[in-house]
Amino acid sequence: MTTSTRTGERPRGIRSARGTGTRQRLGREAAALAAIVAAAVPTVVLGAPVPAAAASPTPALAVSTSLVWQQVLPDAGAPIAQSSPTVATLDGGGPSVVVGDRAGNLYAFHLSDGSPVSGWPAHVGAPVDSTPSAAVVDSSGLDSVFVGGGNAGSPNSGGYYAFNHAGGLMWSHPAVDPNGSYGVQAGLAEGTIEGVPAVVAPSLGQEEYAYNAVTGAVLPGWPFFTADSGFTTPSLADLSGNGQVDVVEGGDSTAGSSYGVQYTNGGHLRVLGQSGNLLCHYDTDQTVDSSTAVGPFLAGGGEGIAFGTGSFYPGASDTDMVFAAGAGCNVVWSRNLGGNTVDSPALGDVLGNGQLEVVEGADTGSGGLVWVLNGATGAPLPGWPQATSGQIIGGITTADLTGGGYNDVLVPTTNGLVIFDGQTAQVVATLGQGVGLQNSALVTKDPNGTTGITIAGYDGSNAGIIQHYEVAGSTGHGLGLRSWPEFHQNPQLTGVITQPPPGHLNAPIVGMAATPNGGGYWNVASDGGIFSFGNAQFYGSMGGHPLNQPIVGMAATPDGRGYWEVASDGGIFSFGDAQFYGSMGGHPLNKPIVGMAATPDGRGYWEVASDGGIFSFGDAQFYGSMGGHPLNQPVVGMAATPGGGGYWEVASDGGIFSFGDAPFYGSMGGHPLNQPVVGIASNGSQGYWEVASDGGIFSFGDAPFYGSMGGHPLDKPVVGIAVGPSGQGYWMDASDGGMFSFGSSQYYGSMPAVFAAQAVGVD
């Protein structure tokens, strides 16, 4: 391991000894990296895969699938190659699959039926071998899409691109360095950098840029001088534990001197700070063209970085290797896999024992080898490797396809997608025979509740083809908490997997919040612990930290990149991009705080006490309260109007109190209740719901009734409610973390499901 002495200060000017190295590197890379696809993908007639050499007689759990829809694209000769499909919510039609082709198009089709999304495809104007990333970065509550244009065959075209949910270009930039403009083949990882939504990726030149995802402005301290081309999608991981992500990536190196630094032939693992400063690196004698995978897979749950290499330098000792490094770039173990490891590793729990394995494919030139390695030691698990007839160029993904509590292994090959049972290492399905794949398969929870599998590649006519399958009998279970269901793990392409919490709740759940596009939700416990599901990211919590008083609720920021926790003494705790605007912590209260609500722009919030007192912070205005007025029953929660010009308070008898521009649409006050009301939520229009502790739902105004748990047995009482996009559904959570979904709101997992699986040693 070599620790860099360089920081964010990087000299500018023409390189002294590297003017031709990068250009030669790119010219040969078109053949070396892409293997059977260089400037164009040849027509390939595909046959059946080779049976697994050491498979068990029968699989533990069969995987039965059906083809739901497919799209053949008008791009023959320049089809989908290394751009992996990702999932994004772009309109009211639910989630969509987004993928690029070498004709320069970025397609979007609804997962439910394969229909095109209005406004798409978007046009990049350069080959797209970059995997698109997707994230909510504006007030629409819908995803924007970020992608690179240009590839090894066309390195001087393209760059960095951002499109809004309707397919409109937000901004674009070429990757400029002293030798000219370059494209971007890596995926643009998206996350919070320098306190703003940002995207970052190396380029095919010598400069790596990080941009404000909304405005396209270059972030302070960037670009970073890479000194050679980069093909790897960065991971965004908090390796230092300071609440800020680092940029973890591979890169290439050519012998020569530049800006006083001597380089050798090979590659690098690099970790960069938020300001584009080099924190640490490890040098290899082979290129590092594999993207990184980060997660707690090392011994004792230590954070690890897994990466493969490339094949540019013949005879290099690090060829065909997979490495596991620690947070300081120190290599913990490595293994030769007997084939090119340019495809990116995945992480997953294939045994269902709570441990993470490193899953990597190797391209032997005539076929592939699938390896599942002990994350702590690098030793192969019994039954692995397994052989495939097709070459493995794209990254493997992992997911629980059957609800068996462990992850299966989805291997993309030039001979279709081969699925191995995680525990037995036996082939249980082959999808897309006749489709060549050089990217990763996408596994999703579809709108109808089933598990979906999307593959995107090229057919025998050399045209792009997208196929979407559903797994039979998969309704109602998740993808596995320790899964890697798409390239670089998630739509933001962060390349990071986190372990689930311990096998029990230290304190009861007291509330919840949903992400803006309804793709996930958080539960919060009274000790401040946060539990994330779906696309809800974990930004930190008060779990394990001393509290003066218990947490009683939470609220999410409008972009879903952060959240607040509120305690009964009025203390506020901010995480992610949630800003602290003040609190009642340390101030005398007549009655305890029972909940909070955020303003629509996220620049303020209200706290509400059980006597109806309201406390306003930031741009949250005070419109009145029930503080000092007699109440039949205590106030238990509040909700803000869609515009933030008012709010409702709700009491445990269902009484509603309206302030500001919040209209009164009716209440359960004065009506008999089986159990007390515990919360309220606005439908974002002209209505609201009340929820009772038995899961009963009461609808007022134009808030529709989508169903309830009233009259159904519950293990624990309901404690909160959250609303899906456009008010077309809602979730309620119970004190044990049980989740109940209604309307268009999807189920993404719950704490009882996690603990039940862990109790029998599965995921």
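Index from 1, following the sequence. Computed from a predicted model, the values in this text were never measured in an experiment.
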| message | Using the rule side chain to side chain contact (heavy atoms under 4.5 Å, CB included), only one of L111, T444, I455 pairs with V97; which is it? | response |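 When side chain to side chain contact (heavy atoms under 4.5 Å, CB included) is applied between V97 and each of L111, T444, I455, only L111 qualifies.
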| query | Which one of I453, L442, V68 satisfies the side chain to side chain contact (heavy atoms under 4.5 Å, CB included) criterion with H468? | reply | V68
| request: Start with the C-alpha gap between V428 and F420, add the side-chain angles, then the distance that decides, and say whether side chain to side chain contact (heavy atoms under 4.5 Å, CB included) holds. | output: CA-CA 6 Å; V428 292; F420 293 86; over 6 Å; no
| field | side chain to side chain contact (heavy atoms under 4.5 Å, CB included) between W384 and W371, worked out | value | CA-CA 6 Å; W384 305 91; W371 295 79; 5.6 Å; no
Who pairs with [X] by side-chain contact (heavy atoms from CB on, under 4.5 Å), at least two apart in sequence or on another chain?
| X | result |
| --- | --- |
| S344 | S290, S291, F487 |
| A556 | A513, W522 |
| N490 | Q492, T494 |
| T65 | V63, L431, Y469, V471 |

I'd like to know if the side chain of [X] pairs up with that of [Y] as donor and acceptor (distance under 3.5 Å, no hydrogens or angles considered).
| X | Y | value |
| --- | --- | --- |
| S66 | E470 | no |
| T450 | N448 | yes |
| D363 | N340 | no |

Can you measure from [atom1] ([X]) to [atom2] ([Y]) and round to the nearest 0.5 angstrom?
| X | Y | atom1 | atom2 | value |
| --- | --- | --- | --- | --- |
| I497 | S235 | CD1 | OG | 11.5 Å |
| M512 | N523 | CE | CG | 6.0 Å |
| Q746 | K445 | CD | NZ | 9.0 Å |
| T397 | E486 | OG1 | CD | 9.0 Å |

| field | Parallel, tilted or perpendicular: rings of Y107 and F109 (30°, 60°) | value | parallel
| message | Is the ring pair Y539/Y563 parallel, tilted or perpendicular, if the boundaries are 30 and 60 degrees? | response |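 Because their plane-to-plane angle lies in the 30° to 60° range, the rings of Y539 and Y563 count as tilted.
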| message | For Y521 and N535: C-alpha separation, side-chain torsions, deciding distance, then whether side chain to side chain contact (heavy atoms under 4.5 Å, CB included) applies. | response | CA-CA 7 Å; Y521 41 73; N535 67 1; over 6 Å; no
| Those residues that, when tested against E357, pass salt bridge (Lys or Arg N to Asp or Glu O under 4.0 Å) (two or more places apart) |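 Per chain and number, E357 pairs via salt bridge (Lys or Arg N to Asp or Glu O under 4.0 Å) with no residue.
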| task | Kindly say whether the aromatic ring centers of W731 and F740 come within a distance under 6.0 Å. | result | no
Any sub-3.5 Å donor-acceptor pair from [X]'s side-chain atoms to [Y]'s backbone N or O?
| X | Y | value |
| --- | --- | --- |
| T233 | G187 | yes |
| Q386 | G383 | yes |
| Q489 | S483 | yes |
| D349 | G354 | yes |
| D129 | Q82 | yes |
| S440 | G395 | yes |

| request: With sequence neighbours left out, write down each residue that passes side chain to side chain donor-acceptor pair (under 3.5 Å) with T341, or none if nothing qualifies. | output: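 T341 satisfies side chain to side chain donor-acceptor pair (under 3.5 Å) with T309 only.
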| task | Run the numbers on I305 and F323 for side chain to side chain contact (heavy atoms under 4.5 Å, CB included), then give the verdict. | result | CA-CA 8 Å; I305 305 166; F323 290 88; over 6 Å; no
| task | Identify the heavy atoms of H281 and C329 that sit nearest to each other, and give their distance. | result |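 Scanning both residues completely, I find the closest heavy atoms to be N-SG, 3.5 Å.
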